[in-house]
2 protein chains.
Amino acid sequence: MAIEFEPVSALHFWRETIVQSLRREAPDLTTRQMAILLTIYLTPPPHTVRGLAKALNVSKPAVTRALDRLGHLELARRRPDEGDRRSVLVQRTVKGSVYLNEFADAILAAAGTAQPSPS
Amino acid sequence: MAIEFEPVSALHFWRETIVQSLRREAPDLTTRQMAILLTIYLTPPPHTVRGLAKALNVSKPAVTRALDRLGHLELARRRPDEGDRRSVLVQRTVKGSVYLNEFADAILAAAGTAQPSPS
DNA sequence: AAATTAAGTTTCGGAACCGAAACGACTACG
DNA sequence: CGTAGTCGTTTCGGTTCCGAAACTTAATTT
């Protein structure tokens with residue numbers, strides 16, 4: 001799928017994607033929660049609370065709370081670090097993979113519809 | 001700017017954009033608020049509360065509250081409809097334009113880094 | 001074995017948000 | 001007219017979120 005991106009069409013594309021996700025029944029994640037979820041799935045492990053907080057410029061309690069919510073939704077999972085029991089390793093789940101696959105589809109669909117308006 | 005989009009790179013691109021906006025001092029808008037702001041700026045007027053609510057599949061009180069916040073941030077403005085005084089017309093502002101221009105820049109920048117373009 | 005440092009969580013007070021329902025202002029219809 | 005319908009806002013009860021600071025547990029240092 002090839003896209004020619006200009007500022008206005010970039011905004012159209014963004015709008016199309018988030019409007020689609022508003023319509024879905026999929027759980028509505030905050031920006032922070034989404035950033036954490038994407039980081040877990042897209043960057044190499046291990047992922048710790050402290051590492052996520054630093055990488056995303058967010059406080060540690062905010063990461064903890066986001067993980068509470070993601071865990072409750074079964075989109076991510078906490079697992080104690082056997083090597084250092086102070087640490088927590090954040091891991092992926094099947095539901096999380098499905099959720100992000102569907103979200104990627106929404107992005108691609110939006111990229112398709114937001115395109116045709118060069119005039 | 002040309003982009004080849006595949007599912008995983010679409011997610012990388014999305015992550016890059018929202019992580020950038022997390023870092024900014026720019027006010028953090030909810031998904032609904034962002035959808036409303038984009039709709040005001042990207043689709044033809046007039047924009048009313050009920051129209052926005054219907055277009056975005058959101059309740060009217062949610063639109064009212066989102067407009068309260070956008071108005072307080074001066075990203076959008078309410079103006080009474082002289083023709084039908086029950087209605088409110090939602091209008092753009094200079095700050096809103098600036099905000100979205102910067103956001104478009106963030107999208108384009110993310111598209112650049114998230115995509116080691118093969119062409 | 002203290003004392004210190006580190007990682008993550010919990011507490012605290014406050015702010016923002018949500019849907020459903022009630023409400024006031026206004027228009028349209030009979 | 002008056003009644004019904006429309007539009008946007010406000011109220012109500014409840015949930016979620018936030019940062020700062022205190023706290024718990026575990027590892028490291030002295």
Side-chain angles (χ1 to χ4, degrees), chain A residues 18-19 21-40 45-91 99, chain B residues 18-19 21-40 45-91 99:
Chain A
I18 66 179
V19 168
S21 65
L22 271 186
R23 295 192 185 289
R24 297 190 182 217
E25 283 302 321
D28 183 35
L29 301 182
T30 67
T31 304
R32 290 158 138 84
Q33 290 163 358
M34 193 59 169
I36 288 173
L37 184 62
L38 285 168
T39 300
I40 294 167
H47 299 292
T48 63
V49 171
R50 177 174 147 281
L52 291 169
K54 187 175 181 183
L56 301 177
N57 196 32
V58 162
S59 70
K60 281 199 300 178
V63 173
T64 292
R65 285 184 294 252
L67 291 179
D68 287 344
R69 174 144 165 82
L70 293 177
H72 182 65
L73 294 170
E74 297 181 67
L75 299 179
R77 183 182 13 171
R78 273 189 261 232
R79 166 181 275 276
D81 182 344
E82 297 302 335
D84 183 344
R85 290 191 204 166
R86 289 172 303 180
S87 282
V88 163
L89 301 180
V90 183
Q91 299 187 315
Y99 181 91
Chain B
I18 66 178
V19 167
S21 64
L22 271 186
R23 295 190 185 290
R24 296 189 181 218
E25 281 200 16
D28 183 35
L29 301 182
T30 67
T31 304
R32 290 157 136 82
Q33 289 163 358
M34 193 59 169
I36 289 174
L37 184 62
L38 284 169
T39 301
I40 294 168
H47 299 292
T48 63
V49 172
R50 74 182 177 289
L52 291 169
K54 186 175 182 183
L56 301 176
N57 197 31
V58 161
S59 70
K60 281 198 302 176
V63 173
T64 292
R65 284 184 293 253
L67 290 179
D68 287 345
R69 174 144 165 83
L70 292 177
H72 182 64
L73 294 171
E74 297 182 69
L75 299 179
R77 182 183 9 174
R78 274 187 260 233
R79 166 182 272 275
D81 182 343
E82 298 302 334
D84 183 344
R85 289 192 204 165
R86 290 173 302 182
S87 283
V88 164
L89 301 180
V90 184
Q91 299 187 315
Y99 181 91

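Note that these values count all heavy atoms, side chains included, but never hydrogens, waters or copies made by symmetry. Here the structure is a predicted model, which is why all the values come from computation and not from measurement. First the proteins, then the strands, lettered A, B, ... as listed; each starts at 1.
For the pair B:Lys54 NZ and D:dT6 P, the interatomic distance rounds to 12 Å; values are reported in whole Å. The interatomic distance linking B:Arg69 (CZ) with D:dC17 (P) rounds to 16 Å, in whole Å. In this structure, B:Arg50 places its CZ atom 16 Å from P of C:dC26, rounding to the nearest Å. In this structure, B:Arg32 places its CZ atom 14 Å from P of D:dT16, rounding to the nearest Å. Rounded to whole angstrom, the span from the CZ atom of B:Arg79 across to the C1' atom of D:dG8 amounts to 18 Å. We find that CG of B:Asp28 is positioned 10 Å from P of D:dG19, with the value rounded to whole Å. Rounded to a whole Å, the CG atom of B:Leu29 is 14 Å from the C1' atom of C:dC17. Straight-line distance from the CG atom of B:Leu52 to the C1' atom of D:dC7: 13 Å, rounded to whole Å.
Considering OG1 of A:Thr39 and CD1 of B:Ile18, their distance stands at 7.5 Å, rounded to 0.5 Å.
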Review item, nucleotides 9-12 of chain D N/O atoms under 3.5 Å of protein N/O:
| from | atom 1 | to | atom 2 | distance (Å) |
| --- | --- | --- | --- | --- |
| D:dT9 | OP1 | B:Arg78 | NH1 | 2.6 |
| D:dT9 | OP2 | B:Thr64 | OG1 | 2.8 |
| D:dT9 | OP2 | B:Arg78 | NH1 | 3.1 |

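Minimum interatomic distance between B:Ala66 and B:Gln33 (heavy atoms only, all atoms of both residues): CB-CG, 3.9 Å. The nearest pair of heavy atoms linking A:Arg69 to A:Asp28 is NH2-O, 3.2 Å.
Two residues are said to be in side-chain contact when any heavy atoms from C-beta on lie closer than 4.5 Å; A:Val63 and A:Val90 fail this criterion. Between B:Arg78 and B:Thr64 the shortest side-chain heavy-atom distance falls below 4.5 Å.
B:Arg65 pairs by the side-chain contact (heavy atoms from CB on, under 4.5 Å) definition with B:Pro61, B:Ala62, not counting sequence neighbours. In terms of the side-chain contact (heavy atoms from CB on, under 4.5 Å) criterion, residue partners of B:Glu74 (sequence neighbours excluded) are, by chain and number, B:Lys95. Scored by the side-chain contact (heavy atoms from CB on, under 4.5 Å) test, B:Leu89 finds B:Pro46, B:Thr48, B:Asp81 as partners (sequence neighbours excluded).
For the helix from C:dA1-D:dT30 to C:dG30-D:dC1, the rotation axes defined at the first and last 5 base pairs enclose an angle of 0°, given to the nearest 10°.
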Fill in the blank from the handout: Reading nucleotides 22-30 of chain D from 5' to 3' and marking B where a protein heavy atom lies under 4.0 Å of the base, S where only the sugar-phosphate is that close, and - otherwise, the string is ----BS---

Exercise for the section: Take B:Tyr99 and B:Leu73, measure what side-chain contact (heavy atoms from CB on, under 4.5 Å) needs, and give me the verdict at the end. Expected result: CA-CA 10 Å; B:Tyr99 181 91; B:Leu73 294 171; over 6 Å; no

Exercise for the section: Quick one: do A:Leu56 and B:Val19 satisfy side-chain contact (heavy atoms from CB on, under 4.5 Å)? Show the steps, please. Expected result: CA-CA 6 Å; A:Leu56 301 177; B:Val19 167; 3.6 Å; yes

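Taking side-chain N and O atoms only, B:Gln33 has no distance below 4.0 Å to OP1 or OP2 of C:dA16. For D:dC17, neither phosphate oxygen OP1 nor OP2 lies less than 4.0 angstrom from any side-chain nitrogen or oxygen of A:Thr30.
The only option from B:Leu67, B:Ile36, B:Ile40 that meets the side chain to side chain contact (heavy atoms under 4.5 Å, CB included) definition with B:His47 turns out to be B:Ile40.
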